[in-house]
2 protein chains.
Amino acid sequence: MTTTPDLRAAGPAPGDAGLTRRQSGARAVYDLLRGRIIDGTLAPDARLTEPVLSAELGVSRTPVREALRLLQAEALVVELPTGGVRVAPLDVADARRVYDVRARLEGLLARDACERATPDDVARLARLVALMDAVRDHEDEVLRVGAQFHGEIEALADNRWGSALLRQIRGHVDRYRALAARRRVGTTDHVDEHRAVADAIASRDPGAAEAAMRAHIERSAALAEQSLRGAGSATDDLP
Amino acid sequence: MTTTPDLRAAGPAPGDAGLTRRQSGARAVYDLLRGRIIDGTLAPDARLTEPVLSAELGVSRTPVREALRLLQAEALVVELPTGGVRVAPLDVADARRVYDVRARLEGLLARDACERATPDDVARLARLVALMDAVRDHEDEVLRVGAQFHGEIEALADNRWGSALLRQIRGHVDRYRALAARRRVGTTDHVDEHRAVADAIASRDPGAAEAAMRAHIERSAALAEQSLRGAGSATDDLP
DNA sequence: CCGACGACACTTGTATACAAGTGCGCAATC
DNA sequence: GATTGCGCACTTGTATACAAGTGTCGTCGG
């Protein structure tokens, strides 16, 4: 039942088969498949074959193949011994590893950001924390502002490699997050943790900034792990 | 002059055009180009076009294209605004960033290795350090054993994500190392640093293991940076 | 002599055609 | 009835063909 995903966005021949067409094609296929894998529409272990994707999306095998290779480089799909690919399995133990890596990378970015931040930047970070505090009770607002905070730090860090590698695993983080979201276990507020990061940066203490950010991510990891635990076969509530 | 690299391994038509042919083709092209970029045969900023590579390697554009995409995912080539690709430029400031990231990742791996190492593993690491000490005067032996040490730790860590991301930047590390090798500045011995890592693992102190490994990489970074400094336009002694 | 216009050659992106290898299912036989 | 052999359908990997966009070079006009 998990073999054939439901990419039934449109028929084979008809015009825009779910992808915007004015984009570069391969990129569009990549974005589409990536989204479906992250949100669970494409179930873990689902086999993806070029001909059926090609037919369902209304493009030739060439862009499909390219998209598949991109996803493979990102490890969102894994290569089968025979040469095909399937959606990467979800493994709770693996989630921990993803967060471990993320903690180090974001920690490094926080350090770099600390070393480059101008007074204006510090003020902006403080404003974001205050804003986050203000919307404390509205969960999605907190999430939105939180993402903005992390984005701001990443931008400040101006660390091409840290960002690149972070981007590499972001898909997987989002994937586990999407899964955890279904087993909602009350979100704890990370406002104080963010404030700790902002304060460390304001104090011009790179080591403290790195440590604070790392601790923050590790706490998120523990939370996510808790949500995921008991998921057993992670495919339980997936289509 | 930098537009056409010297992939003249063989003519267009003739049999094995420098690539082993029994490999998957695209993979062979990828390996070949990757090696040439790392060792400097393909100069930074050199433009790579599918038709000429295709002709010079004696394969069609399809595998060449695939190899190029792989290299792009690894950031060994960068996309031009027009769509083509060129060999990623060498930037000393960037080298520092690469090593920063590597320090965190290898630090994490050392921690994980520490948490999983059996007494046998600890003994093996100690043996490697002793061996390294023994061959202290033979530079390439030191390098070889050192690589083995790092590989052992990575294997022990059994951290898929750490390894994957480390692999992502390894090409760049090797590239800067190859460049630094030409401006040889006496290698300092890292034997003691390795011993510190091994000792921390033997003491079952994950935090110390991580810190020791990170410090070790950061010292390597400083060394590499020193070698690279003054390189100015990094393409000076490149073909 | 300098600037602008036009055509060309070149590039990538996509589609299709071809070849080879592999696993699966069916059928016939022991 | 179980097993083994054959044949088919399917897959990926590669090659080639086609279309569109873009930069450049040459030439013509001011």
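Residue numbering restarts at 1 for every chain, and letters A, B, ... go by the order of the sequence lines.
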Separation of A/Leu53 atom CG from D/dT11 atom C1', in whole Å? 13 Å
Distance check needed: D/dG13 C1' versus B/Tyr30 OH, whole Å only. 19 Å
Euclidean distance, atom CZ of residue A/Arg27 to atom P of C/dG13 [Å, nearest integer]: 13 Å
Kindly say if B/Arg69 contacts the phosphate of C/dG13, meaning a side-chain N or O under 4.0 Å from OP1 or OP2. yes
Please state how far atom CG in A/Leu80 lies from atom C1' in C/dT22, giving the value in whole angstrom units. 13 Å
Determine, for B/Asp174 against B/Arg177, whether the closest basic-nitrogen to carboxylate-oxygen distance falls under 4.0 angstrom. yes
What nucleotide among C/dT11, D/dT11, C/dT16 has an atom nearest to a side-chain atom of B/Thr49? C/dT11
Quick one: are A/Leu42 and A/Leu48 in side-chain contact, heavy atoms under 4.5 Å? yes
Atom-to-atom span, CD of A/Glu50 to P of C/dT16 - whole angstrom: 15 Å
For a side-chain contact (heavy atoms from CB on, under 4.5 Å) check, start with the C-alpha distance between B/Glu66 and A/Arg69, then their side-chain angles and the critical distance, and finish with the verdict. CA-CA 8 Å; B/Glu66 207 164 299; A/Arg69 287 306 228 247; 2.4 Å; yes
Distances for protein N/O vs nucleotides 18-23 of chain D N/O pairs under 3.5 angstrom?
none

Closest-nucleotide 5' rank along DNA chain D - winner of A/Thr62 and A/Gly84: A/Gly84
When all nucleic acid strands are considered with a 4.0 Å heavy-atom cut-off, which category describes A/Arg86: base, sugar-phosphate, or nothing? nothing
Evaluate the criterion side-chain hydrogen bond (donor to acceptor under 3.5 Å, both in side chains) for residue pair A/Asp120 and A/Thr118; output intermediate values, then yes/no. CA-CA 5 Å; A/Asp120 276 359; A/Thr118 68; 5.1 Å; no
Would you mind reading off the distance between A/Arg65 atom CZ and C/dT16 atom P, rounded to a whole angstrom? 17 Å
Polar contact flag, side-chain donor to acceptor under 3.5 angstrom, A/Glu74-A/Tyr30: yes
Would A/Asp100 and B/Trp161 count as having a side-chain donor-acceptor pair, cut-off 3.5 Å? no
Rounded distance in Å - CD (A/Glu66) to P (D/dT12): 16 Å
Apply the test salt bridge (charged side-chain N to carboxylate O under 4.0 Å, His left out) to residues A/Glu210 and A/Arg214: give CA-CA distance (whole Å), side-chain angles for both, the deciding distance (0.1 Å), then the verdict. CA-CA 6 Å; A/Glu210 177 166 10; A/Arg214 180 171 147 180; 5.9 Å; no
Rounded to whole Å, the CG-P distance (A/Leu68 to D/dT12) equals 8 Å
